[in-house]
There are 2 protein chains.
Amino acid sequence: MENTLSIGQLAAAAGIEVTAVRFYERKGLLTAPPRRASGYRSYDQAAVQRLHFIRQAKQLGFSLAETAELLELRVRPGRTCSKVKGQAVQKIADIEQKVKQLKRFERALRVLIAQCAQGKTDGECPILDALEH
Amino acid sequence: MENTLSIGQLAAAAGIEVTAVRFYERKGLLTAPPRRASGYRSYDQAAVQRLHFIRQAKQLGFSLAETAELLELRVRPGRTCSKVKGQAVQKIADIEQKVKQLKRFERALRVLIAQCAQGKTDGECPILDALEH
DNA sequence: CTAGACCCTGTACCTAGGTCGAGAGTCAAG
DNA sequence: CTTGACTCTCGACCTAGGTACAGGGTCTAG
């Protein structure tokens, strides 16, 4: 048992389609894996983790390009620590902004529910009304 | 001064393209506005607010269809309070999930920065390493 | 009353993110 | 040693979310 995965096993483990895995490879989100003698792709467990990350990032509104940047965030020849840090700080700011907006939405939804319970059924667009505090 | 907006003024106020406004109308995210005698669309200030909401929702990873649902969340003939509430509760759960994921990402980025500062430059994919606490 | 900027309705096109099919090779069970 | 499931590449196709004409009317400053 070598614990390596075929593309089909990987796709199943990550809950996506085989074709999507190859698509991500072409787009540079997954590095091309080693091949067996037959030419079949051979993945390790880390690939599952990467795919989960990609799926989550997508749901959070990050584009594939942004997701790729997140996955590439590391120190390497030509990418100094301070540059990486700068990028990470920027990403953190983006994320904090998203969290803030989501919490506003959530608060608005709670206001909406409360109004609903009080029989206030007349708002033109309650979620927008609720958003203005 | 009637304080009504042409489609161009609306688009400028919301920071999007005129064609996008018409596109949202076709998709049902904006209700068709009244027309002037000439056939020109005539918007009120509330439209600006709706467009801002649409833009934000998009950035947070909501599809146009989900955004439309959020904007339609209200009590009306055939949509009882309890149904609306049920949907709102569901949306809140979605949002909390997103916030949780975003905070995990943020934490991972902070770990990455800390490692960076310590001269640890050898991680294969630091953000994934950092995500596993 | 005319030039330039704006608006109208189509229809066609574009990018991102995938999905599908054809044609051919590979692997595992019986 | 064959049959069915899996994999390969490559190119065409698809959906979502817009953008860009084309061909025509409208508005306003000079």
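Being a predicted model, the structure only gives us computed values, none of them experimental. Chain letters run A, B, ... following the sequence lines, proteins first and then strands; every chain starts at 1.
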Exercise for review: Using a 4.5 Å cut-off on heavy atoms from C-beta on, say whether the side chain of A:Val48 contacts that of A:Gln45.
Suggested key: yes

Exercise for review: Could you pull out the closest heavy-atom pair between B:Arg55 and B:Ile16, with the gap in Å?
Suggested key: CD-CG2, 3.9 Å

[X] [atom1] - [N] [atom2] separation (whole Å):
| X | N | atom1 | atom2 | value |
| --- | --- | --- | --- | --- |
| B:Glu25 | C:dG10 | CD | P | 12 Å |
| B:Ile16 | D:dG18 | CD1 | P | 8 Å |
| B:Gln9 | D:dT28 | CD | C1' | 13 Å |

Check your understanding: What is the per-nucleotide protein-contact pattern of nucleotides 15-30 of chain C, from the 5' end, where B denotes a base atom under 4.0 Å from a protein heavy atom, S denotes such proximity for sugar-phosphate atoms only, and - denotes neither?
Key -> --BBSB----BBS---

Exercise for review: Could I get the full list of salt bridge (Lys or Arg N to Asp or Glu O under 4.0 Å) partners for B:Arg22, not counting sequence neighbours?
Suggested key: none

**Study point:** Contacts of B:Glu25 that satisfy side chain to side chain donor-acceptor pair (under 3.5 Å) - sequence neighbours left out
**Key:** B:Arg41

Check your understanding: According to a strict under-4.0 Å criterion, is B:Arg35 in side-chain N/O contact with OP1 or OP2 of D:dT26?
Key -> no

Kindly list each side-chain donor-acceptor pair under 3.5 angstrom involving residues 65-72 of chain B, sequence neighbours excluded, with atom names and distances?
residue: B:Glu66; atom: OE1; partner: B:Ser63; partner atom: N; Å: 2.8
residue: B:Thr67; atom: OG1; partner: B:Ser63; partner atom: O; Å: 2.8
residue: B:Glu69; atom: OE1; partner: B:Lys91; partner atom: NZ; Å: 3.0
residue: B:Glu72; atom: OE1; partner: B:Arg76; partner atom: NH1; Å: 3.2

Check your understanding: Quick check: does any side chain N or O of B:Lys98 sit under 3.5 Å from a backbone N or O of B:Leu60, one acting as donor and the other as acceptor?
Key -> yes

Practice item. Consider only side-chain heavy atoms of I, L, V, M, F, W and Y, link residues closer than 4.5 Å, and tell whether B:Ile92 and A:Leu128 are in one cluster. Key: yes

Check your understanding: For the helix from C:dC1-D:dG30 to C:dG30-D:dC1, how many degrees between its two end axes (five pairs per end), to the nearest 10°?
Key -> 10°

Practice item. Only pairs at least two apart or in different chains count here, so list each ring pair (Phe, Tyr, Trp, His ring centres under 6.0 Å) that has a residue in residues 30-68 of chain B. Key: A:Phe105-B:Phe53

